[in-house]
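These numbers come from the heavy atoms of this one structure, side chains and all, not from hydrogens, waters or symmetry mates. Quick note on labels: first sequence line is chain A, next is B, and so on, each numbered from 1.
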Amino acid sequence: MAANPLRVALFVALVPAAFLLPGSSPPRLPGDHSGYAPEQPIHFSHRLHAGELSIDCRYCHFGAWESRHAGIPPASVCMNCHASVSAGFDAQMAERAAAVAESRDPRRVVSPEIAKLYAALGLDETLTQQSAPTPIPWVRVHDLPDFTWFDHRVHVARAIACETCHGPVQSMERIRQVSSLSMGWCVDCHRASAAEPGGNSAQHVSTDCSACHF
Amino acid sequence: MAAELEVLAHAPTRAPNPHAPSRPSGCAVPSEEPLIGGGKTLTQVTRDVCAPLERRPTFAWWAALCAALAMLLFGVWAVGYQTATGIGTWGLNRTVGWGFDITNFVFWVGIGHAGTLISAVLLLFRQKWRTSINRSAEAMTIFAVLCAALFPVIHMGRPWLAFWVFPYPNARGSLWINWRSALLWDVFAISTYFTISLLFWYVGLIPDLATLRDRARGWRKKLFGWLSFGWDGSGRTWSRYEMACMLLASLATPLVVSVHSVVSTDFATSVVPGWHTTVLPPYFVIGAVFSGFAMVLTLMLIARRVMRFEDYITVRHIHAMCKVLVFTGSIVGLAYATELFTAWYSGNEYEMFAFENRLHGPMAWAYWIMVSCNVFVPQLLWLRRVRGSMVAIFVISLLVNVGMWFERFVIIVVSLQRDFLPSSWSSYCPTLVEFGAMVGAFGLFFTLFLLFCRFLPMISMFEVKTVLAPAHPKEHA
Amino acid sequence: METHDDNLLLPFEDTTSSRRSFLRTVGFGIASAAMAGCSRGPVRYVVPSLAPSPEILPGRAYWIATTCGACSAGCGVLAKCRDGRPIKLEGNRAHPASLGGLCAVGQASVLSLYDSMRLDGARRGGASASFEDCDRELTRIFAELERSGGRVRLLTGSVHSPSTRAAIARFVARFADGRHVSYDPLPASATLTAYELLFGRRLLPSPQFERARTILAFDADFLGTWISPVEFGAAYTRGRELAPGAKFRHIQLESRLSLTGSRADERVLLAPWETAPALAGLCAELERLAGLPSRLAQLGATPRSERIAALAHEVWASRGASLVLCGIDELESQLLCAYANELLGNHGATLDLARPSQRRLGDERALGELAAELDAGSVDALVIAGVNPAYDLGGRLALARAKHVIVASEALDETAVAAGWVCPAPHALEAWDDGEPREGLFVLTQPTVPALRSTRSLRASLARWSGDARSDRDLVRAHWRSEIFPRSGESDFDLFFERALQAGFVELEPRARRSLAFRPDALAQLAPRAQSPAPGALALVLYAKVGLLDGRHAHNPWLQELSDPVTKIAWDNYACLAPTTAATLGIGEGDVVRVHTEQGAIELPAHLQSGQHEGVVAVALGYGRVGTGRFARVGPHWLDAQPTVASDGVVGVHAGPLVVWGSAGRSFAGAPARLDRLARNVSLACTQDYHSLELPAALASHGHEVRDAVRSTSHAEHAADPHAVARSKHPVADQDLWPDDHRGERRWGMTIDLARCTGCSACVIACQAENNVPVVGKDEVLRHREMSWIRIDRYYQGEGEELRTLHQPMLCQHCAHAPCESVCPVLATVHSAEGLNQQIYNRCVGTRYCSNTCPYKVRRFNWFDYPHEDALANQALNPDVTVRSRGVMEKCSFCVQRIQEAKARASVEGRALADGDVQLACQQSCPANAIVFGDLENPSSRVSASASDPRAYTLLEELNVQPSIRYLAHVHSGRSTKKESGHGG
Amino acid sequence: MKRRHLASFDDEHALLGAIARCRAAQLDVVEAWSPHPVHGLDAQLGIPRSRLPMLAFAGGATGLVLGTVFQYWSSAVDWPIDVGGKPFDSLPAFMPVMFELTVLCAGLTTVFALLARSRLWPGKVVRAHPGVTDDRFVLAAVPRDPTLPAHEVDRMLLAAGAERAWEETIP
């Protein structure tokens, strides 16, 4: 009889423990993929581009202003700069110094990552077409279920900063999902905005199901 | 009476217990024949009831079990196939969205009702004759509700998401459930009903489990010891125990009424002509009691023969149940009449048509099967000669089950088949897979019931003991 | 779905597999995720295009103005494109002929573009070969023939493309004995000949329906299949608009119930053999009224003379504003028809001779001659383009006898399989082309997608074989520069052509011609003819069916599953018999019968068709096509699934062999036929089991014999009391049980004008294309599991000539007090703040409770996972709409994706949503503009205006579910019948 | 180390009779065991009326409140959704679930209270007196006068109608 309450206590204790078991990560609700930061085919650094060089988001993700999808920039957009910029500043300097030391013309330095970009476009280091271009298979990070429709246009038009959902991208070496992107997460924001005063009917923030599901 | 004699003649003669002082049996109710035949002593009761559990199972039992398992397997295949392929494997269509699935659901819920009624309502009314049958009736209830609960799950297009009908906190914001849906009321009604019935049944079992424990040895002693919660039959426990039973009974009584009322709201709260009527809740409840008693009767008639319980389930019990059958059957008839009257009196063209369609429409045969089996057939029990033959009673009880199944079929399918817009009128023809699910449910029910007869006391020993005739005060030397 | 928007270069497979697998596993996914804390689904890739094209932005739609190539009508369309491919065709509002409508066939033609069985690359002797080799060889052969003066024949359908005609002319001119023969699978050759005889010019006058007050149509199905249904439908409804005082009368004289007949104010049943005499009688009466000496005395007695006389008086009363049309392609009838119009002074008034239609140019006589030449084996080279003679002409042409046969067809059809060379033709949506459907109206066709198949148009092929290697585009441009641009009187060709491309058409003054004089002497040659077929025999009528037409679209599953607007049967053709005839012959619905004529016999199931002439058996053309065998595996596969195709492996039966070949050409109506009932029975996939608003007599309680779902009234009664028709039998208390505190600032609503709706079913296919509605196959349709979100209910009233047909488009009514919503346990269908009845697929668990309680039965359940294996066909899916998985409910969403798109655009432009910003697929496609959509809360919206029409009523008002759809009662100008549904009971 | 005397009887009347006689004979009957509930026994043993009903009521009330509040909160407060134009707080529609939860909680409380109060749990080991779950009726008596010798007590019990009487010591 004395053993009984102990047994009960043990049982009660085990239930939450069972939840903690899989993986060391703290328990998350289903559908919450925050923290997902997969290896990408090319090590593209948002920290460098959006952070240090502070290139505007819309330069590459121009879709976000006119389309539902922000879109991943076509390789041609990368080449706007990387046709000339083929390696980091330090590497260039080093090569130049080396060239001076060896009293020769500096060679073209191509960083391994940018080389991948050229390869994708079927170019060699001198940017001459070698083979047929093959598109770059970026790994999708911010991925909503197929039955959910998110429209970048509308949110951008309402001047919602990219960081609101995508987090401090300019500080990310490799892009990472910050928000849970769960339905609850969306709805909370919509509820808050719906409560906002003003906003004409075209800008009305809806919590209707059909705002996202159709 | 001729009937009893005939029955008692069937009873296997047993050597009278020498220790048992002969006592005029049936003093509990002097006027009538005894509740328990054969002048049993307490220990005889124990022995008789435990006998089927302790002797090796008979061939008949094995045969029955195999048959039941075969049916169950057929059902498992059918449900498996349907879940993997789609509801399209059923005969449903854009107009008739429910067919065998919900028909069987309502049917099984109905079957369940007799158990609770016997154990709860008759307990409250101090009906002593219930003691011999309440245990198995309750078991029947639980198994029936189990079968019933199957159908709402498998009838879903995506049964693997069935858990969405429960209000649990979720990452959807939180998106709760629609408390206005009668289907949701079902979820709560059925689960509550199942839980309460299960508790009631198990609490009732505890003293008998203790008896088994004390008779058994080896692993069975351990098992029953574990199951009997360390029951020792002390006076204090008994008094609390009886109080608890009374409480459960008084809770179960309104519950049993509520459950089928709620089930009926699935139909009553919707706009479909033939469904949308206020008579449905009482109509469903009485129908449930009716079908339930029929099922109890069916099972008891088999059990008393196969398991030699003629002394415990006596002709008196059978007749008591027959009376209930006649009574409830007549009320069901009244309900059918009311339904027709309401439709006619409403002057609502759609209502009127719905019932015209039931009476003379393409599926009128179903309606007339239902009426003849539920209203006319039970009336035969007024006749002494019919009551006299256990075979006749057995057949009648079976017919009532059939009739009640068709009642649900008529309400669901025939109403849906032709509603408002003639362009959408359609028909319904079940497929093999649907029959599979139905047969499977029966398989499950009988499997469970057979295992129950084999491993648990089918008659509540301690309750029977209370209704045994008390001994005379003995002289002491 | 999200993924494949972003990439144009992924192999097609990916687009679907990810979605399908996801939807299938979503449930288990969530469950397992719950187990494992959080595990991510399969890795998905985003593959951007290498170089973005300026107008193609992933996820953003853009429209390209072009021309529908589904038939020769040449309706203007705007192709809605996404990510570099067309996903939907919408009518071009600015187009002078089609005025923004687009028929079912046109809507479906986008699916044909993604037909994986279309030809890819040239074929030589039954094996695939390169275009180069074929061209080299053919160039040589034609050069040879040019020298040797061999006999070269070019067999096409009606070609109204100016550039192609020029190319053909140039090509044919090369040869001493070169000739271009054209025929129409559904000919109007006799009409052309009639006008040639009477006016001295082969032309097909364009009827001006909007000017007509009285229309007499003899077997002319101008709303369904005749020449240019969209244009005619639009004009017809405008003509019938309820202008005060204007009394529009449409009398259909026909042998079978056609879609057009189903809309007529009055029907007269005329057997085919009675048509010409009746027309003669009509003309004779008109002559009398006109006080002219009778030219038609020699023609015998008039059938139904008093009725015809009455009609003559009626049409005479509105002379100059009337139309007499005849759809039977027989010279005699056509001469009389033309004469009648002449007598009525309709030429130049309601029949435009200055801008004749060019949609039918075929010449049956020339075809006959070609047949003779082929039989004689004297044809050296035969080029066949745009037609399928081996099928159309029931194998009547001895194609094998020609030395060289070159075929330009889209698919490996009956003709192409036999041909020596096949130079596949492109689909209209991936090609350059032009056209002149009626004189002076020039239309342009431009590619909406990079060619999916290696094909070449006839124009380019002919040029190539004559050593001209220019591309299609250049050829068209060149022709426009030299021939059309000069007529425009503009200065800058590039500007002119650009504008033409942008608009999709240009309208120019037709070439000035000397005015046509009526030469009645041709009428003298009219001779009396046999009155009726041999006693006991029936007259066979071969007709074209809405959707299938002549069978050129038989490979299109949408059209095969479209239930016929009149019979409501999908997936089959059948022998239509009047119920009385069937009874006397002891034939029941679906009994297989053998139809014998002198031409041969075919076996097909019988269908009992109300409102048909008792002496007629009618069979639809266009079935039994080679290649429909592909539908053997359409629909779900499970243990009790029945195949869609018949035992012979194709859908339906080819009735072509029964066409009668006369000296004047083919005749489709009137051949005497015998019927034998066979022991077999085939169940026809009819989407409707019960065909009347009148309840079965045995079950109807007194005073409630008729349901008033579709309300109609006669002009007279409507004039007397405009509100009578909409008045409800059961007035509803406007008091609710509970306060309705859900009024949003907007309520989307719709009105459907039953007086305009012709039942043409364009909306049905438009919806299917817009909302990814799956095709389920014959077996599922038989089980009443068709998936269409919008259906057209068809009810009959009366029988025979008195038969009145009612069409009612039926879709989700978006009830404010929706019964379906309160019963869903998981909140999968709830109401939006804008009055939409939302169905959330991903929340649905599939109890079907909502469907049971829906009084309109418009909800559709996904009984299975319907096949989406054809990766190419999946490209026609609308990326803005979820493809529903098994076990969920679906229904009309009021095209919520379009509403959201419109709102998004408005919000980007920083303006409020304006009335008319949202156009639903069904509304857009409707040639008759019967559907109006908008905000009911906004009093100034078009929908509010039309909802306040006295004819407006809500369906099943007595249930007080408060639908958002109002129907406007039909007003006809026929005799008012007792059982008028408006006053049922 | 407590001592008590047990006596077994073969029917309920003997038991009830014996209890009265024992009391007369200065023996306190502390407990009785029987195969089935014996009417009047708790009176004889002076067992007070059980308080289970109060608990059951409390449980039921809790269920009712829980059901009402949660339904109202989830459909009218947390996320009000327009369902068929019905009010967010459609109280009439909430009643079935309110009722079911009431019954459920009351029932559960009753049973668990019974088990807890009577110290019954799965696997509890107990040595019941032989036959007491079959057909024996047993009582336990303690003499008011502790000095009274055991055989004397047994004699008195047998005199009271017991068919057997013996002494046991309980730890």
Side-chain angles (χ1 to χ4, degrees), chain B residues 81 85-98 152 155-165 172 175-178 180-184 186-187 266 269-272 275 344 348-350 352-353 356-357 359-361 416 418-427 431-433, chain C residues 27-28 30-31 636 638-640 688-693 695 698-701 703-704 707 709 780 783-786 791 793-795 808 810 819 822-827 830 843-849 851-853 855-857 859-865 886-889 956 959 961 985:
Chain B
Y81 181 73
T85 316
I87 299 293
T89 55
W90 290 355
L92 304 169
N93 56 48
R94 55 145 207 245
T95 308
V96 182
W98 287 345
H155 102 293
M156 288 185 182
R158 306 197 287 174
W160 50 87
L161 295 179
F163 65 94
W164 280 0
V165 301
R172 304 187 197 95
L175 183 62
W176 299 109
I177 50 178
N178 180 12
R180 297 167 190 83
S181 165
L183 219 48
L184 201 86
D186 278 355
V187 173
D266 282 347
T269 61
S270 112
V271 298
V272 180
W275 286 9
W344 168 76
N348 177 325
E349 65 173 301
Y350 305 110
M352 280 192 262
F353 177 77
E356 287 285 357
N357 188 46
L359 266 64
H360 325 112
L416 285 173
R418 291 179 158 189
D419 62 355
F420 297 95
L421 297 184
S423 63
S424 315
W425 288 1
S426 168
S427 189
T431 63
L432 177 72
V433 181
Chain C
F28 300 109
I30 287 178
W638 61 290
L639 55 78
D640 194 22
Q688 216 170 310
D689 272 3
Y690 194 78
H691 301 284
S692 167
L693 284 167
L695 304 177
L699 307 184
S701 46
H704 301 300
R707 297 215 167 152
E780 287 296 292
R783 297 171 191 268
H784 292 301
R785 295 171 183 173
E786 69 276 5
R791 64 173 196 266
D793 289 346
R794 188 267 296 117
Y795 299 106
Q808 181 175 46
M810 187 52 60
S822 36
V823 299
C824 176
V826 293
L827 293 167
V830 296
R843 177 64 170 174
C844 178
V845 296
T847 66
R848 301 183 298 290
Y849 197 179
S851 170
N852 288 342
T853 57
Y856 310 93
K857 289 287 174 281
R859 294 182 152 259
R860 298 287 177 258
F861 186 67
N862 286 267
W863 302 100
F864 297 95
D865 265 329
R886 186 227 311 170
V888 307
M889 191 60 72
L956 301 180
L959 299 179
V961 293

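Electrostatic pairing of C:D640 and C:R783 counts as a salt bridge here, judged by a charged N lying under 4.0 Å from a carboxylate O.
For B:L359, no part lies near chain C; criterion is any non-hydrogen pair under 4.5 Å. Interface remark: B:L175 contributes backbone and side-chain atoms alike to the contact with chain C (heavy atom separation under 4.5 Å). Proximity to chain B is limited to the side chain of C:E786, based on heavy atoms less than 4.5 angstrom apart. For C:M810, the part lying under 4.5 angstrom from a heavy atom of chain B is the side chain only. At a 4.5 Å heavy-atom cutoff, the contact between B:V165 and chain C is made by backbone and side-chain atoms alike. Using a 4.5 Å cut-off between heavy atoms, B:Y350 touches chain C through backbone and side chain atoms alike. With a 4.5 Å cut-off on non-hydrogen atoms, B:W275 touches chain C through its side chain but not through its backbone. In this structure, the portions of B:D266 lying under 4.5 Å from any heavy atom of chain C include both its backbone and its side chain. With a 4.5 angstrom heavy-atom cutoff, B:M156 touches chain C via backbone and side-chain atoms both. At a 4.5 Å heavy-atom cutoff, the contact between C:L959 and chain B is made by side-chain atoms alone.
Considering every non-hydrogen atom in both C:M889 and C:S851, the closest pair reads CE-CB, 3.6 Å. The shortest non-hydrogen separation linking C:D689 to B:S426 is OD2-CA, 3.8 Å. Considering every non-hydrogen atom in both C:S692 and B:P422, the closest pair reads O-CB, 3.5 Å. Of all non-hydrogen atoms in C:L956 and C:P855, the two that sit nearest each other are CD1-CB, 3.7 Å. Considering all non-hydrogen atoms of both residues, B:N178 and B:L184 come closest at O-CD2, 3.6 Å.
Between B:F353 and B:W425, the ring center distance clears the sub-6.0 Å criterion.
Atom CZ of residue B:R94 and atom OG of residue B:S424 lie 5.5 Å apart, to the nearest 0.5 angstrom. For the atom pair B:L92 CG and C:H784 NE2, the distance stands at 13.0 Å (nearest 0.5 Å).
Side chain of B:E356 to main chain of B:G361: no donor-acceptor pair is present (N/O by atom type, distance under 3.5 Å, no hydrogens or angles).
At a threshold of 4.5 Å between non-hydrogen side-chain atoms, the residues C:K857 and B:F420 do not count as touching. Looking only at side-chain heavy atoms (C-beta outward), C:R886 and B:T85 stay at 4.5 Å or farther from each other.
Most heavy-atom pairs under 4.5 Å with chain B: of the set C:V830, C:V961, C:V823, this distinction falls to C:V823. Of all the listed residues (C:P825, C:G846, C:P636, C:A700), the one sharing the greatest number of non-hydrogen pairs under 4.5 Å with chain B is C:P825. Most heavy-atom pairs under 4.5 Å with chain B, from the set C:A698, C:C824, C:S701, C:P819: that is C:C824. In terms of heavy-atom pairs under 4.5 Å with chain B, the best-connected choice from C:H691, C:E780, C:R791 is C:R791. Per-residue heavy-atom pair counts under 4.5 Å with chain C were compared for B:V271, B:V187, B:D186, and the maximum is reached by B:V271. The most heavy-atom pairs under 4.5 Å with chain B, out of C:W638, C:F864, C:Y690, C:Y849, come from C:Y849. Note on B:T431, B:L432, B:V96, B:L416: by heavy-atom pairs under 4.5 Å with chain C, the leading option is B:L416. Per-residue heavy-atom pair counts under 4.5 Å with chain B were compared for C:D793, C:N852, C:L695, and the maximum is reached by C:N852. Of all the listed residues (B:S270, B:G86, B:S423), the one sharing the greatest number of non-hydrogen pairs under 4.5 Å with chain C is B:S423.
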